[in-house]
Visitor: 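The structure's right below; bear with me while I get my questions together.
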Amino acid sequence: MIWDLKIKNGTIVSGTDIYKADVYVKNGKIGAITSEILAGDVNEQIDVGGNYLLPGLIDTHVHSRDPGPTYKEDFSYSSQAAAAGGITTIFEMPNTTPPVSNGKNFDNQKENLQAKAYVDFGLWAICIGSLNNTNIKELHEKGVIGFKFFWGYAVHKETFQLMYNYKPGMDNVIPPFDDGEVYEMMEEVAKTGKIFAVHAESNELIQKLTARVEKQGGRTYQDLLKGRPNLVEVLTVKKGIEMAKATGVRFHVLHVSSKEAVEAVREAKQQGVPVTVETCPHYLFLSDEDYEKVGPQMKVYPPVKYKKDQDAIWKGIADGTISHVCSDHAPHTEEEKDGDLWSIPAGMCGVESMVPLMLNAVNEGKIEITDIVRLLAEEPAKLFDVYPRKGAIQIGADADFTIVDMKKKSVIKRENLHSKSKVTAFDGFKVTGMPIQTIVRGKTIMKDGIIVGEKGYGKLVTPVNHSPGVHSS
Ligand code: NCD
Ligand code: ZN
């Protein structure tokens with residue numbers, strides 16, 4: 001036997017255990033995990049030197065703007081940013097131009113991203129009501145990761161780009177979908193057994209409350225929160241939970257930002273409703289109190305809320321209500337983000353800073369290193385049915401690894417980000433704990449912060465298609 005790669009002296013971390021062993025790789029897969037010296041030659045050796053060896057970490061929520069507004073970001077940039085940030089697989093969001101709304105667009109997108117990919121990737125499909133209800137089945141069969149619905153958003157009629165600051169009466173806009181249309185989308189997605197994931201904000205409430213604030217001349221961050229209070233999220237989440245009960249769809253709440261929404265999901269889970277929820281670093285590490293320091297860079301939808309919400313989200317992480325953490329990487333140019341809070345688009349970079357921020361939280365005692373693997377590898381892989389091919393150090397799994405040095409100190413700096421648009425709310429943030437090597441299917445693609453992988457190496461990952469109601473989590 002000739003092994004392609006041996007990874008030695010590693011301390012392997014799973015979602016529950018920490019143990020020492022060497023890992024042997026053949027043809028991009030894990031062939032052995034053992035403390036014994038195996039017979040046969042080894043082509044390449046990596047000495048982990050006592051650092052942690054984690055399964056390759058996954059970011060389930062990335063907007064690379066490609067194809068479409070690629071002046072903001074494109075997939076060669078975002079997948080290098082992922083590699084630099086210790087991410088081996090990203091799930092790409094479908095709000096591109098054209099969107100991933102039918103089988104043909106799926107095929108084109110697969111080819112487009114494949115040519116630029118440094119890391120492996122899965123593809124989300126979009127739900128746009130009667131415009132693509134009849135395409136849900138083919139998208140499922142093509143192998144989408146899940147179905148995404150931007151609940152509360154209007155989209156542009158031709159480009160399907162999100163209208164960040166929508167007002168009724170705007171030209172060339174498809175207004176937000178109504179409850180009946182949402183119900184129909186859920187019925188269609190339920191037939192596939194895949195996740196129906198929503199951005200959860202009530203447009204009706206946003207319109208009324210924002211108009212009220214504007215009338216009083218309000219333009220501060222606190223005013224933005226008055227226009228999009230916690231009720232905006234929890235109302236939509238509760239509606240979705242009831243519709244999930246009625247349709248049987250696997251309902252997933254994206255980027256949760258409020259205490260009330262975390263509690264609503266906790267309660268529904270206890271009742272056995274098929275609901276899950278994720279959150280992002282900006283909700284874990286920022287609150288309204290940071291706005292003065294950070295400024296408009298921090299504008300994201302749903303908005304970063306109050307300290308009490310941050311606390312409730314950490315509680316949701318601790319008790320397992322929140323399945324996983326992802327970045328909601330959503331770049332806009334620095335010029336776009338420099339304007340006034342009211343008119344600039346929502347979103348910021350995240351794919352590169354997520355793992356450092358989460359490792360820093362381990363060093364601060366907020367979570368354990370095993371939680372990193374649970375939240376960034378095992379749970380997302382299980383939820384989206386790519387486990388154990390992804391998300392696990394197991395024999396037969398893809399040889400994806402993230403090596404982390406828990407003592408390494410770094411400062412997140414916007415100018416060092418690999419994204420095309422370097423917009424982050426974490427500029428100047430000091431962290432201890434860094435990913436130092438990223439390995440995808442046995443090949444090192446990042447070492448000590450330097451990208452050493454090749455464009456076009458990343459491959460599409462498709463989930464195991466189960467019958468509705470049956471999945472691996
Ligand atoms: C996202 C984007 O720009 O694509 N922006 C954001 O503020 N989160 C869209 C979204 O997820 O809402
Ligand atoms: Zn969203």
Side-chain angles (χ1 to χ4, degrees), residues 59-75 77-78 90-100 123-128 146-156 159-166 176-177 182 195-203 206 221 224-225 227-228 232-233 236-237 240 251-258 261 277-284 286 291 294 296-305 325-334 336-337 339 341-351 353-354 419-421 423-425:
D59 189 346
T60 63
H61 196 145
V62 174
H63 302 267
S64 300
R65 319 293 192 206
D66 188 350
T70 47
Y71 66 93
K72 296 173 192 261
E73 181 71 313
D74 75 35
F75 200 64
Y77 281 83
S78 63
I90 59 190
F91 294 167
E92 181 57 26
M93 281 296 174
N95 54 323
T96 45
T97 305
V100 181
L123 291 180
W124 282 93
I126 202 164
C127 283
I128 39 176
F147 293 88
K148 162 102 184 233
F149 171 53
F150 291 90
W151 203 340
Y153 266 109
V155 294
H156 190 274
T159 65
F160 292 93
Q161 286 297 310
L162 303 172
M163 306 300 296
Y164 295 100
N165 303 298
Y166 168 71
F177 292 97
V182 180
I195 293 278
F196 182 77
V198 301
H199 176 113
E201 290 193 293
S202 160
N203 169 63
I206 293 167
Y221 193 74
L224 185 89
L225 290 182
R228 290 174 178 260
V232 162
E233 184 171 69
T236 310
V237 166
F251 179 60
H252 182 68
V253 178
L254 298 159
H255 47 41
V256 79
S257 66
S258 68
V277 58
E278 67 183 35
T279 195
C280 312
H282 36 278
Y283 305 116
L284 290 168
L286 300 172
Y291 185 77
V294 179
Q297 307 269 329
M298 191 170 126
K299 180 176 175 183
V300 60
Y301 292 157
V304 170
K305 299 186 168 65
V325 175
C326 53
S327 72
D328 189 11
H329 181 74
H332 299 285
T333 66
E334 294 170 48
E336 284 172 322
K337 286 295 270 196
L341 178 64
W342 233 246
S343 42
I344 61 175
M348 62 181 110
C349 292
V351 69
S353 51
M354 173 166 71
S419 283
K420 195 180 264 187
S421 304
V423 167
T424 169

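The chain is numbered in sequence order, starting from 1. Atoms considered below: every heavy atom in the structure, side chains included; atoms not considered: hydrogens, waters and symmetry mates. Counting starts at 1 for both ligands and their atoms, in listed order.
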Visitor: Flag the pair V198 / F251 as yes when at least one side-chain heavy-atom distance between them is below 4.5 Å, and no otherwise.
Guide: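 Yes, their side chains come closer than 4.5 Å.
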Visitor: Can you pull out the closest protein heavy atom to atom 3 (O) of ligand 1? Residue, atom name and distance to 0.1 Å, please.
Guide: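 Going by distance alone, atom 3 (O) of ligand 1 is nearest to Y164 OH, 2.6 Å.
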Visitor: Under 4.0 Å from any heavy atom of H199, which atoms of ligand 1 are there?
Guide: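 Listed by number with element, the hits are 10 (C), 11 (O), 12 (O).
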Visitor: Taking side chain as C-beta onward, heavy atoms only, is V155 less than 4.5 Å from F150?
Guide: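 No; the side chains remain at least 4.5 Å from each other.
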Visitor: Where do Y283 and P302 come nearest, in terms of heavy atoms and distance?
Guide: OH-O, 2.6 Å
Visitor: Is any side-chain heavy atom of Y221 closer than 4.5 Å to a side-chain heavy atom of V304?
Guide: yes
Visitor: Considering only non-hydrogen protein atoms, determine which one is nearest to atom 8 (N) of ligand 1 and report residue, atom name and distance to 0.1 Å.
Guide: D328 OD2, 2.8 Å
Visitor: Is the ring pair W151/F149 parallel, tilted or perpendicular, if the boundaries are 30 and 60 degrees?
Guide: tilted
Visitor: Which ligand 1 atoms, with their elements, are less than 4.0 angstrom from a heavy-atom of A346?
Guide: 3 (O), 5 (N), 6 (C), 7 (O)
Visitor: Would you mind reporting whether V256 and T279 have side-chain heavy atoms less than 4.5 Å apart?
Guide: yes
Visitor: Please could you name the atoms of ligand 1 that G347 approaches to less than 4.0 Å, counting only its heavy atoms?
Guide: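 Once the distances to G347 are compared, the set is 6 (C), 7 (O).
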Visitor: Under 4.5 Å between any side-chain heavy atoms of V423 and P331, yes or no?
Guide: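 Not in contact.
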Visitor: Does any non-hydrogen side-chain atom of K148 lie less than 4.5 Å from one of F91?
Guide: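 The answer is no, as the side chains (C-beta and beyond) never meet within the 4.5 Å cut-off.
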Visitor: Give the contacting part of H255 toward ligand 1: side chain, backbone, both or neither, where contact means a heavy-atom distance below 4.0 Å.
Guide: side chain
Visitor: Can you check whether N95 reaches R65 side chain to side chain, under 4.5 Å on heavy atoms?
Guide: yes
Visitor: Below 4.0 angstrom from a heavy atom of R65, which ligand 1 atoms are there? Numbered from 1 as shown, please.
Guide: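 Once the distances to R65 are compared, the set is 2 (C), 3 (O), 4 (O).
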Visitor: Can a side-chain donor-acceptor contact be found between Y71 and E336 if the only test is distance below 3.5 angstrom?
Guide: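 Short answer, yes.
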Visitor: Please identify which atoms of ligand 1 are closer than 4.0 Å to at least one heavy atom of N95.
Guide: 4 (O)
Visitor: Which protein atoms of type N, O or S are found under 2.8 Å from the Zn ion (ligand 2)?
Guide: H199 ND1, H255 NE2
Visitor: Parallel, tilted or perpendicular, judged at 30° and 60°: which one describes the rings of H199 and H255?
Guide: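 H199 vs H255 ring planes: perpendicular.
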Visitor: Show which atoms of ligand 1 fall inside a sub-4.0 Å distance from at least one heavy-atom site of Y153.
Guide: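 Those atoms are 9 (C), 10 (C), 12 (O).
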Visitor: Which of the atoms of ligand 1 are close to A330, meaning less than 4.0 Å from one of its heavy atoms?
Guide: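 Going through ligand 1 atom by atom, the ones under 4.0 Å from A330 are 1 (C), 2 (C), 3 (O), 5 (N).
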Visitor: Classify the contact between H332 and ligand 1 as side chain, backbone, both or neither, using a heavy-atom distance cut-off of under 4.0 Å.
Guide: side chain
Visitor: Which residue holds the protein heavy atom closest to atom 7 (O) of ligand 1, what is that atom called, and what is the gap in Å?
Guide: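 For atom 7 (O) of ligand 1, the nearest protein heavy atom is Y301 N, 2.9 Å.
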Visitor: Taking the side chain as every heavy atom from C-beta outward, state whether T97 and Q161 have any pair of such atoms under 4.5 Å apart.
Guide: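 T97 vs Q161: side chains touch.
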Visitor: Report the nearest protein non-hydrogen atom to atom 9 (C) of ligand 1: residue, atom name, distance rounded to 0.1 Å.
Guide: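 Checked against all protein heavy atoms, atom 9 (C) of ligand 1 sits closest to L162 CD1, 3.4 Å.
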